[in-house]
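The structure appears below as structure tokens.
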Amino acid sequence: MKLYFSPRPNPFKVALYLEEAQIEHEIVPMDMLRGAQHEPDFLALNPNAKVPVLVDGDAVIFDSTAILLHLINRTGQFGAGTDPVLQGEFLSWMLFIASGLGPFSGQAVHFQHHAPERLPYAINRYGFEAERHWAIIEARLEGRAYMLGDHYSALDMALWGWAPHLPYLLGDDAWAAKPNLARWLERVEARPAVSRVKQIEHAFPYKMAVDAEALRVMFPQNARLGG
């Protein structure tokens, strides 16, 4: 297997699954701030120009949730098993993260920290929705060790990709305001696989500076504004 990886929430989810399941794989570093995602060879794998991408033999899978579901089907590990109740919970929460929590968090961060101008409506809209989604997760974790109760699953891996960045999104008091999430994150980050995954970020010389080149690469739509 090959995992096309950049140190961002969605690739981290998949890297954690591969480590937890002890699946042999190769990390293919993608230097997103230098525009590696727009190279023709990568666009042939994912025309949407985003990571992660998993190449599993002849199968090419993009989108982190699709990859996690593929790996569960392939290995039988870290899913919900055969219990239809757990399966329903698993799929519902997995797609809640994929279609709600992740996108709203990403947009909230963009308008708070990266937009070329501060737009109060957009900041309020996406900030409110991000907070609302995280509040639902906080309530879900009340009295539960993991998202499925005592059962650690790929659902927790999907959530872990985003969770460490919560203060950047919700402010410095994020953990005080979300004690269930804080306890959950401490439990997940105590797992040896998480420590191994965190090392990937430092294994390759990724560009980290968000300079003019990086802004052009990451936000090509800004060119339409004449900036």
Side-chain angles (χ1 to χ4, degrees), residues 1-21 23-71 74 97-99 101-116 126 130 154 157-166 168-169 193-227:
M1 288 192 191
K2 291 184 177 181
L3 174 62
Y4 289 76
F5 177 93
S6 182
R8 285 169 169 73
N10 289 324
F12 268 125
K13 305 173 189 177
V14 177
L16 180 55
Y17 188 103
L18 293 171
E19 286 292 334
E20 291 281 17
I23 299 172
E24 185 175 348
H25 62 281
E26 174 189 350
I27 294 291
V28 181
M30 295 291 296
D31 205 335
M32 307 291 282
L33 296 186
R34 290 192 172 94
Q37 69 272 33
H38 300 301
E39 294 295 328
D41 287 349
F42 183 73
L43 290 174
L45 299 175
N46 183 3
N48 197 32
K50 296 182 183 295
V51 289
V53 170
L54 185 74
V55 177
D56 180 7
D58 293 331
V60 177
I61 310 98
F62 60 83
D63 185 277
S64 60
T65 301
I67 295 172
L68 290 175
L69 294 175
H70 167 80
L71 290 170
R74 191 183 192 282
I97 294 170
S99 66
L101 182 139
F104 278 114
S105 294
Q107 292 297 326
V109 166
H110 174 78
F111 284 108
Q112 288 174 19
H113 299 291
H114 300 296
Y126 289 108
M157 301 174 202
L159 185 60
W160 173 78
W162 289 98
H165 309 287
L166 206 55
Y168 191 59
L169 170 64
V194 172
S195 296
R196 295 195 298 272
V197 168
K198 286 183 175 182
Q199 295 172 16
I200 300 173
E201 182 174 2
H202 307 292
F204 305 100
Y206 294 106
K207 178 178 179 178
M208 303 304 290
V210 183
D211 55 16
E213 175 199 25
L215 290 173
R216 284 195 300 272
V217 167
M218 297 302 294
F219 309 119
Q221 72 274 8
N222 291 349
R224 300 197 301 180
L225 300 174

Side chains of [X] and [Y]: closer than 4.5 Å at any heavy-atom pair?
| X | Y | result |
| --- | --- | --- |
| Met218 | Gln37 | yes |
| Phe62 | Pro47 | yes |
| Asp211 | Glu213 | yes |
| Met1 | Leu71 | yes |
| Asn222 | Leu225 | yes |
| Trp162 | Phe12 | no |
| Leu3 | Pro11 | no |
| Leu16 | Lys13 | no |

Just verifying a value: how many Å separate [X] [atom1] and [Y] [atom2], rounded to the nearest 0.5 Å?
| X | Y | atom1 | atom2 | result |
| --- | --- | --- | --- | --- |
| Leu69 | Ser64 | CG | OG | 9.5 Å |
| Ile67 | Leu18 | CD1 | CG | 8.5 Å |
| Arg34 | Glu39 | CZ | CD | 12.5 Å |
| Thr65 | Ile97 | OG1 | CD1 | 8.0 Å |
| Met157 | Leu68 | CE | CG | 8.0 Å |

Review point. Where do Phe42 and Val51 land on the side chain to side chain contact (heavy atoms under 4.5 Å, CB included) test, with the steps shown first?
Key: CA-CA 10 Å; Phe42 183 73; Val51 289; 3.9 Å; yes
Exercise for review: Please answer whether the main-chain N or O of Leu54 pairs with a side-chain N or O of His70 as donor and acceptor at a distance below 3.5 Å.
Suggested key: no
Exercise for review: Determine yes or no for a side-chain-to-main-chain donor-acceptor pair under 3.5 angstrom, with Asp31 supplying the side chain and Lys207 the backbone.
Suggested key: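 Yes, Asp31 side chain to Lys207 backbone: donor-acceptor pair under 3.5 Å.
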Where do [X] and [Y] come nearest, in terms of heavy atoms and distance?
| X | Y | answer |
| --- | --- | --- |
| Ala209 | Leu33 | O-CD1, 3.7 Å |
| Trp160 | Lys198 | CZ2-CE, 4.3 Å |
| Leu169 | Gln112 | O-OE1, 3.2 Å |
| Lys50 | Asn46 | O-ND2, 2.8 Å |
| Met32 | Ala49 | CE-O, 4.5 Å |
| Pro7 | Glu201 | CB-CG, 3.6 Å |

Practice item. May I ask you to decide if the ring planes of His110 and His114 are parallel, tilted or perpendicular, using 30° and 60° as cut-offs? Key: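 Tilted.
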Check your understanding: For the residue pair Tyr126 and Phe104, does the interplanar ring angle fall in the parallel (under 30°), tilted (30 to 60°) or perpendicular (over 60°) class?
Key ->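 Judged by the thresholds at 30° and 60°, the geometry between Tyr126 and Phe104 is tilted.
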